[in-house]
Each structure stands twice: as structure tokens, then as C-alpha cells.
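Every value quoted in this text rests on a predicted model; they were computed, and no experiment measured them.
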Amino acid sequence: MPEILVGEYLFLRLKEIGIETLFGVPGDFELALLELVEPQGLLTWLGTPNELVGAYAADGYARQKGAGALVTTFGPGELSALCGIGGSYCENVPVVHIVGYPTNAAQKSGKILHHTLGDGNYDHYVKISSELSCATTVLTDPSTAVVEIDRVLTAMLYHQRPAYIGISEDVAYSKVSTEYLDTKLTRTLPPSAAESEAKILAKIMAALSSAKAPILMVDGGAAINTWAEHVDPLVEALRIPFFVTLLGKGVANEQSSYYGGCFSGAGSCPMSVIKAVSQADCILWLGNYPSDFNTGMFSEHIEQATIIDLQQFSAKIGSIEYKAKINYLLPRIIEAAKDIPQLPQLHVDSIPAPDTSSLPEKIEQDWLWDRMTSFLRPGDLVVTETGTSQVGFTATRLPSGCHSYTQAVYGSIGYATGSAVGAAIAAKETGRFKRMVLITGEGSLQLTIQAFRFWSDMTLCRLCLWSTTKVERYFCGMNSKHNDVPMWDYGALFKAFAPEVTDARTFQVTTAKELDLVDMMLEYQDTPTVMKAVFEEKRTALAKSAAAAKSTVS
């Protein structure tokens, strides 16, 4: 029986599940493993300027391709990536973190090696990563290596969360039989029990049919790759108003006649959304993720409606939870909806078209996000940064065929820039999108600006748009020095990071009339209205808590 190296086996498995590009930083304990990547023509290697950018890029890539991979060295390399891995774990993004380990002999020698904590222990880091992974393994035995690789990758695909594979230099070059490759890894979940699924389906359809004002809510869980494709067909089958949340924005077609806007409690946009959702008596909620930013600081207040909450592995109707696999249940709901009479239509105010009849003198936040509606095109892929960008962007109505995403729960600074790199590469591989639009803030951009060094090779990345309001200013300390960030010449950065690119054009504009593409200057105290509403809720809650504490002390 033919044999291959364990390292080759690992890369073949990654290619099998759709991964074509590896991200990471080369380091001593992984160098031998990396020698097996391109010479064998298995995958493409993209070295990132640091491990954090690599983790962000793998996350963005996985959101488009269904899985991503990051390779770092043992110790400092892997720890530097964990901030990115944490976000992937929090928001159900399947990224396999491959870590190059010292040889078995080196680990058993008792000598203090570099990249360790100096105590002769080699399991500190995998223990840390286990808190941010659905499965982990450190390959030290060639006889079990392929079984372990398959187990961890299968768990990653099943749970849609990061996984960890440590591989020592000697094991990477050990030989194993190719017969293991005859059994293919599956990216689809095994089906639920048909009888159980039928009962759940009947209860869901009964709840919708008996409702007087049903609506559909598209939330963060709907963005999971295994069932996002069912969202638009579900909208068309149900023919009822639907809304997106901050986390669910970019999943459904916002040009649909059933689209009502973005629901985020006090931060809803348009504000008429609050009234519409409050009148609903039944909400089919796709992937409810009730985090603070996603709910307008917990200001949603929709206790009067029956909630049908569909998650990856469960369906909850009211207070009763059932086991179900949503990627199988959603197609059945779509088919069942086609056979029922038209459901009652809750009145939802139409979303006004952007006002292009006049231009303000200054570029103001509320005008900017409305203006983005007419700027975006079908085929755009939009990534927004945590804070001002993602909240303001809820006021932008996306054209059909435009996709967007953000990291709203974990909220790791600098995420959008690194993630955009990975997403752009995945988009080129799939041919799905034509243009990358990055919307981020100065503080975030300055943390991961090194990612720009790759953009000269990515013809997809034609646009960067910066929103300069710092979210911390509005939350606390509008004029405080600790919220200041230095002003950079952003236009010059393209030439600095990609001097071989001669056709790069950048623009800095200060008025709405001058607004073209890239580098715009907004008043630092200007904030989107939806963000003001969200943080007014937060400040009110803090003031009440402080008053209560003062009263207790008195």
C-alpha cells in the first residue's frame, strides 16, 4: 500500500474540506511542516505579518469557504493568535489552528527549550487553547496521527468552531498508509430522526398559522455556513415581513419587498422597526444571539411574542426546547410554507430611499451611512469593524447580491482589516464577489495595518473606507486624552506597503461634495444616531446603578 507523510496527509485533508490557502507566520518548530505545503502542490501558503492578523484572516476566509486554517509555531506564536481564535469560537467560525511542536525527543529530554515556560512542561498551551476549541490533539504517535487528525477536523465541521492540532517535527515526517484517505470527511451533519423532526415541524407551522402578526428575524446564527443558503428561500416561502439584527445583517436580501430594517432595540434602524416588532405576536427567529451590541444594550423588550428560536442543534418554541438540526429542518419549513395559505401581514413602514437631492457641507455620520446605500453594488463583500462602523452600517440598505459581516460579540480590535484579507482571498477562490469594501476605525486599523502588505496581490481589494469616530469616545470620555489616536497619512501607506503597485489611488476628503473613495475626515464628536440611542440606554442603566449604590451607602 502506498505511503505518505503525516504532514502531507494533514494538508490533503484540509484540501478535501475546501481549504486552499493556509495563513500564518513561519516559526522554527513548524518550518519542516511548511516545507510540505507548496512543493507538493497541495495548498497555497500566505505568510501574515503576525499571528493575530493570520488568525483574523483565517476567520474571514472560513466565513466564505466554510473552513479556514492557521499555522503557527509552539508557544509565543500560538498565544499571539488566540485573540483571533477566541472570536472564531465565540461566533461559530470553523478554523483549525495547526501548531508546530518540538520533536518528541526534545520534549522528553528534560532540557529547557525556547518558547516554553521554562518548567519542562509542554501541555500549558494546548490546555489554554482547549478553552477556545471544540476539539484538540497533539500528535506524538504516528500510529494514531491520522485517526486524530480526522477526529479533530470532523468535530470542527460538526460544531462549526475552531479546533487545535499540535504536530511535532518528527511526526510530521513519519509515514502512514494512503488507505485512510479512502474514507472521506463529511461536511454535512447526519440527519435528525424523521419522526421527531416531523413533530417539531408541525408545531412550528401551527404556531405560525395561528399567529395574527408573524414576522421573521434573521440573527447571528443564520450566518453559519451550513444553513445561511436557506434564508432567502425561507423569506420567499413565508411571505411575511423580516428583519435583520446587527449580527444577521448581510445574510438576507435587503432588496426584498418583505424587508423591514435592522432590529437592535433602541438602536433599531429605521426607528419604525421598534414599533413593528413590538406588534408581532409570533417571531420565527433564526439563530437568536442576545448579546449587548446585538440587542441595543438589552433594550429589545419583546416579551409579548411567541418566539420560535432556531439554533444549529435545537428548536425552542416558547419555553420548550427540542433537539433538531437546523440545516435539515429549514428546507422542510420552506416546503411546508409553500402549502399553507398566505400568513397575515403585519404593517411595516417602507424604508425611505436615500436623499441625494442635496449635499451637506460636512460629512456627517447619519448622512454617510445613508449615502452608502447608493454607493454599494451587487457583488460587493463588506466587512465592518466593531463599534461605530458596524452600528452605523445598520442604516445602510444592501443591494441584492451584496454580502456583509461583522464581529459584534467578541469585538476584538483590528479584526475587520485582517479578516478582510482572508475573505478577499476566499472570494477570489470561489468567484462569488467582485469587490471588497472595508469599513473600520482609526484605532482598529492602526493595530492591524500590516495586513495591507498583501493587498497588492488581491485585485478584489479595490476600496477601503475609514470611519474615524472612536466608539469609546461616545461611551465615556469624548475629549479624554486616553481616547486619542495619532493621525496617519493613510494614503501614503499603500505606497509604503506595496511600492510595486503603481496604479493605486487614494483620496482624502473633508466635505460631502469631495467624497470619493477612501480617506475621509469626520468630526470626532459626530456619532450615528443609532449608536447614541444604544449608549443612552447604557448610560441610563449605569446612572441608576450608581444612584442605588449611593442610596445603600447612605
Side-chain angles (χ1 to χ4, degrees), residues 6-27 29-30 33-34 36-37 42-48 51-74 77-101 125-126 128-139 145-168 171-172 180-181 184-187 224-226 418-419 422-423 425-426 429:
V6 171
E8 293 174 330
Y9 180 90
L10 172 59
F11 295 142
L12 282 169
R13 282 306 203 196
L14 296 185
K15 192 166 187 177
E16 182 184 316
I17 61 175
I19 295 173
E20 298 178 66
T21 299
L22 290 176
F23 301 93
V25 177
F29 293 135
E30 71 187 275
L33 176 66
L34 295 183
L36 301 176
V37 179
L42 300 176
L43 302 166
T44 298
W45 166 258
L46 184 66
T48 54
E51 291 86 358
L52 179 60
V53 168
Y56 289 160
D59 181 293
Y61 183 94
R63 288 177 188 255
Q64 302 306 312
K65 292 293 293 282
L70 170 72
V71 186
T72 68
T73 195
F74 175 80
E78 59 180 305
L79 293 187
S80 295
L82 284 187
C83 194
I85 297 296
S88 299
Y89 183 85
C90 176
E91 301 193 2
N92 291 93
V93 182
V95 173
V96 57
H97 187 183
I98 301 167
V99 178
Y101 270 64
Y125 307 130
V126 67
I128 295 172
S129 286
S130 68
E131 293 292 323
L132 304 175
S133 305
C134 65
T136 65
T137 187
V138 178
L139 307 178
V146 295
V147 174
E148 282 295 283
I149 289 172
D150 289 357
R151 176 184 68 82
V152 170
L153 293 180
T154 299
M156 177 186 73
L157 296 174
Y158 184 89
H159 294 286
Q160 294 287 289
R161 277 186 159 159
Y164 178 103
I165 297 177
I167 179 168
S168 64
V171 171
Y180 294 98
L181 292 171
K184 301 301 180 182
L185 298 183
T186 177
R187 293 185 62 161
I224 295 175
N225 282 285
T226 52
S419 182
I425 292 172
E429 292 175 1

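Residues L14 and I98 are in side-chain contact: their nearest non-hydrogen atoms beyond the backbone lie under 4.5 Å apart. Side-chain contact check for V25 versus T72: every heavy-atom pair is 4.5 Å or farther apart. Using a 4.5 Å cut-off on side-chain heavy atoms (C-beta onward), H159 and Y89 make no contact. Residues L185 and D150 are in side-chain contact: their nearest non-hydrogen atoms beyond the backbone lie under 4.5 Å apart. The shortest distance between side-chain heavy atoms of Y164 and V152 does not fall below 4.5 Å. A 4.5 Å side-chain heavy-atom check between E91 and D59 finds every atom pair outside the cut-off. Side-chain contact between L70 and I85 is present, with heavy atoms from C-beta onward closer than 4.5 Å.
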> Does the pair F11 and L33 meet the rule for a side chain to side chain contact (heavy atoms under 4.5 Å, CB included), with working shown?
Replying inline: CA-CA 10 Å; F11 295 142; L33 176 66; 3.8 Å; yes
>> Between K65 and T21, does the side chain to side chain contact (heavy atoms under 4.5 Å, CB included) criterion hold? Intermediate values first, please.
In response: CA-CA 10 Å; K65 292 293 293 282; T21 299; over 6 Å; no
>> Go through it in stages, so that I can follow the logic: the residues are T186 and L157, the test is side chain to side chain contact (heavy atoms under 4.5 Å, CB included), and I'd like the CA-CA distance, side-chain angles, deciding distance and then a yes or no.
In response: CA-CA 8 Å; T186 177; L157 296 174; over 6 Å; no
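With rounding to the nearest 0.5 angstrom, the CG atom of L42 is 13.0 Å from the CD1 atom of I19. For the atom pair OG1 of T48 and CZ of F23, the computed distance is 8.5 Å after rounding to the nearest 0.5 Å. Note that OH of Y101 and CD of E78 are 5.0 Å apart. Values are rounded to the nearest 0.5 Å. For the atom pair CD1 (I149) and CG (L10), the distance works out to 4.5 Å, reported to the nearest 0.5 Å. The CG atom of L22 sits 11.0 Å away from atom NZ of K15, with the distance rounded to the nearest 0.5 Å. From R161, atom CZ reaches atom OG of S133 across 10.5 Å, with rounding to the nearest 0.5 Å.
Judged by distance alone, the side chain of Y61 and the main-chain N or O of E20 form a donor-acceptor pair under 3.5 Å. Distance alone, capped at 3.5 Å, places no donor-acceptor pair between the Q64 side chain and the A423 backbone.
Of all the heavy atoms in L52 and G84, the pair that sits closest is CD1-N, 3.9 Å. Shortest non-hydrogen contact noted between A172 and L36 is O-CD1, 4.1 Å. Scanning both residues, G66 and P94, for their nearest heavy atoms gives O-CG, 3.0 Å. Shortest non-hydrogen contact noted between P26 and W45 is CD-CZ2, 3.9 Å. T137 and R151 make their closest contact through CB-NH2, 3.8 Å (heavy atoms, listed as atom of the first residue, atom of the second, distance). Residues S419 and G60 share a closest heavy-atom pair of OG-CA, 3.2 Å.
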